[in-house]
Amino acid sequence: MRVRFAPSPTGGPHLGNIRTALFNWLLARGAGGAFMVRIEDTDQARLVHGAVDETLEALRWLGIDWDEGPDVGGRHAPYYQSQRLDRYHAAAGNLMDAGKAYPCYCTPERLQQMRAEQARGKQHVGYDRRCRALTAEERRARQDGAPSVVRFAMPKDGTTSLKDVVRGCVSFENELIDDFVLLKSDGFPTYHLANVVDDHDMEISHVLRAEEWLPSAPRHLRLYEAFGWTPPVFAHLPIILAPDRSKLSKRHGAATVTEYREMGYLPQAMTNFLALLGWSLDDRTEEFSADELIKAFSLERVSRSPAVFDSDKLVWLNGHYIRRLTHRDLAEALLDFWRRYPPAEFPPPRDLDLMTRIAPLVRERLKTLRDAAPLVQFLFKKVDYDPSVLVQKRMDEAGALDALKQARAVLGALPSHDAASIEGALRPLAGKLGLKAGQLLGVLRVAATGLKVAPPLFETMEVLGRDRTLAAIDDALDKLSAYSAITPG
RNA sequence: GGCCCCAUCGUCUAGUGGACUAGGACGGCGGCCUUUCAAGCCGCAAACACGGAUUCGAAUUCCGUUGGGGCCA
């Protein structure tokens, strides 16, 4: 089995394309076959600079590796279509020699006019095959000078049937398929020609592609036939839709893997989620590692109906994967993430030990890696806050001030600054002060972290350390006294 | 507009003629837990698009309608 992922570098690694890449890869890895990447860069006008690198990087990030393709080469190199033009010309030439393709000299103006007339007459819109009828002499007469394209001579009647692995038998009326272009006037091949030639040359056995290509399948089948080649097995995968049920695109917000990476999603969550868009194993299994997916994946269980991309479930799955990370792995993931995408709150830190100690306190509070910076910022900088937030519900400033003083004294006198000791000291103190635990801890939470929402207090104080904790309380004391002095009552 | 594909809770899906009072997950709602925020646990609501036909029996087969999507223009 040999399969491929054939992206056009006309944009970033779109989620739909990457899902297709993933299915191809899963199939190959599960069958011990080969997976290759081929860059379909023949549409020169739409090339986007950096798109190839971004797409390859997305694959690497997700753990999708390729046996042949850019970077690694392979015995069918080159893997860029723009470097295989000779091949397409030769192939088109062969078809012309065999009378299965022909040059067309119709001008864009004529074609446009033709279509307008067809539309007005409510006829089927398509090339009228005028140049197909040209005699050898007529062709020779136009050969030089006149810009031309090469068109495929489609059968004029009958049907073309595709046996699709996920859709079953699909038939198309040949008369409704016009003589499509093989080579454009600029000498570049169309998608149809290049795709078929390369898939054959590269010995692709299974073509898994999105359903949007289903309408071009009969053209491809006829091309294979004209060349005398055996077509591959086709599987048209359900398309991925945006929540508004239209094709997922940029205007729906994030649509590329790169963007999800930047939003703090884990590659394993992304892979797992994408795999479940259009495929399922059974009625209950939701979690799959890459290895499990490779074992479980099969084309038989690919669904036919389009799947709406629901990011809520991705968010949940991501949080789930974050919680399954070891403390050390989460710490590393965060440091890596911040290095690549520096947070707004503080400069990217490097202290892996510190992060490993804070990781268990934040991991069930994270849905994405991006959620971490606001929660742990107090470790890396002094967080400014308004002194009034120290004062908890049903407390006044004097009470808060007193609570801070007492807590300062108790914590300062503690022989060991660990979470259990801190808790053992502070809970009784709350009672002594006539406060609920939540009130006292609320004051101290703001004092210690500058945040109203923060990780659990006792452990946080332990990670912060005695000196920084006491200094933060002293600071809060100063702030609150100054604040009380200017707000009478 | 033409061609093609699709149709189970809001979403992802299980379901291939009887075990379906239609299962799971996300999300929603309610509760428990609780030191803020989460996480976790428990519970509830929520779907077979519609109409015919076949059959003793249909979510499951066939036909049509409607709806959605894709491709081409």
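Lettering follows sequence order; numbering is per chain, from 1. These figures come from a predicted structure and were not determined experimentally.
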Selected nucleotide, minimal atom distance to [X] side chain, candidates [options]:
X	options	result
A:Arg115	B:G23, B:A73, B:C37	B:A73
A:Lys313	B:A25, B:G70, B:U35	B:A25
A:Glu212	B:G23, B:U35, B:G70	B:G70
A:Pro456	B:G23, B:U13, B:U35	B:U35
A:Asp310	B:U11, B:A39, B:G70	B:U11
A:Ser303	B:C3, B:G23, B:U13	B:U13
A:Ser305	B:A7, B:G27, B:G69	B:A7
A:Phe172	B:U35, B:C3, B:G24	B:C3

Using the [atom1] atom on both, measure [N] against [M] and round to a whole Å.
N	M	atom1	answer
B:C20	B:C5	P	33 Å
B:A7	B:C44	P	30 Å
B:C32	B:G23	P	27 Å
B:G1	B:U13	C1'	35 Å
B:A39	B:C33	C1'	11 Å
B:G15	B:G27	C1'	23 Å
B:U21	B:C3	C1'	44 Å
B:A14	B:C6	P	15 Å

Please give the nucleotide sitting opposite [N] as a Watson-Crick or G-U wobble pair, both distances under 3.5 Å, or none.
N	answer
B:C33	none
B:A22	none
B:U61	B:A53
B:A38	none
B:G27	none
B:A7	B:U66
B:C71	B:G2

Rounded to the nearest angstrom, tell me the gap between atom [atom1] in [X] and atom [atom2] in [N].
X	N	atom1	atom2	value
A:Trp279	B:G15	CH2	P	12 Å
A:Asp178	B:C72	CG	P	12 Å
A:Leu451	B:U36	CG	C1'	10 Å
A:Glu211	B:G68	CD	P	16 Å
A:Glu364	B:U34	CD	C1'	12 Å
A:Leu361	B:U36	CG	C1'	14 Å
A:Asn174	B:C3	CG	P	15 Å
A:Arg304	B:U8	CZ	C1'	13 Å

N/O donor-acceptor pair under 3.5 Å between A:Arg468 side chain and A:Leu379 backbone: yes

Backbone of A:Arg209 reached by a side-chain donor or acceptor of A:Thr20 within 3.5 Å: no

Residues, nucleotides or ligands: over 12 heavy atoms within 6.0 Å of A:Asp157 CG: no

If you look at every strand shown and take non-hydrogen atoms under 4.0 Å, does [X] touch a base, only sugar-phosphate, or nothing?
X	result
A:Arg427	base
A:Arg323	sugar-phosphate
A:Ser171	sugar-phosphate
A:Ala307	sugar-phosphate
A:Gly278	sugar-phosphate
A:Leu214	sugar-phosphate
A:Leu277	sugar-phosphate

Lys/Arg cation over aromatic A:Phe5: A:Arg38, 6.0 Å, 45° cone: no

Residue from A:Met263, A:Arg261, A:Arg370 passing side chain to side chain contact (heavy atoms under 4.5 Å, CB included) with A:Tyr341: A:Arg261

Residue of the set A:Asp418, A:Leu444, A:Ile422 for which side chain to side chain contact (heavy atoms under 4.5 Å, CB included) holds with A:Phe458: A:Ile422

Pairwise 5' ranking along RNA chain B for A:Lys367 and A:Pro238, keeping only the more 5' one: A:Pro238

Residue mapping more 5' on RNA chain B - nearest nucleotide basis, A:Lys452 or A:Cys169: A:Cys169

Can you tell me if [X] touches the phosphate of [N], counting only side-chain N or O atoms and a distance under 4.0 Å to OP1 or OP2?
X	N	answer
A:Lys393	B:U36	no
A:Arg365	B:U36	no
A:Arg167	B:C4	no

Euclidean distance, A:Cys131 SG relative to A:Arg110 CZ, rounded to 0.5 Å: 7.0 Å

base_contact_polar (B:G24 base, A:Glu286 side chain, donor-acceptor, <3.5 Å): yes

Polar side chain donor-acceptor pair, A:Asp43 to A:Tyr191, under 3.5 angstrom: no

Residue pair A:Ala447 / A:Leu390: nearest heavy atoms and the distance that separates them: N-CD2, 3.7 Å

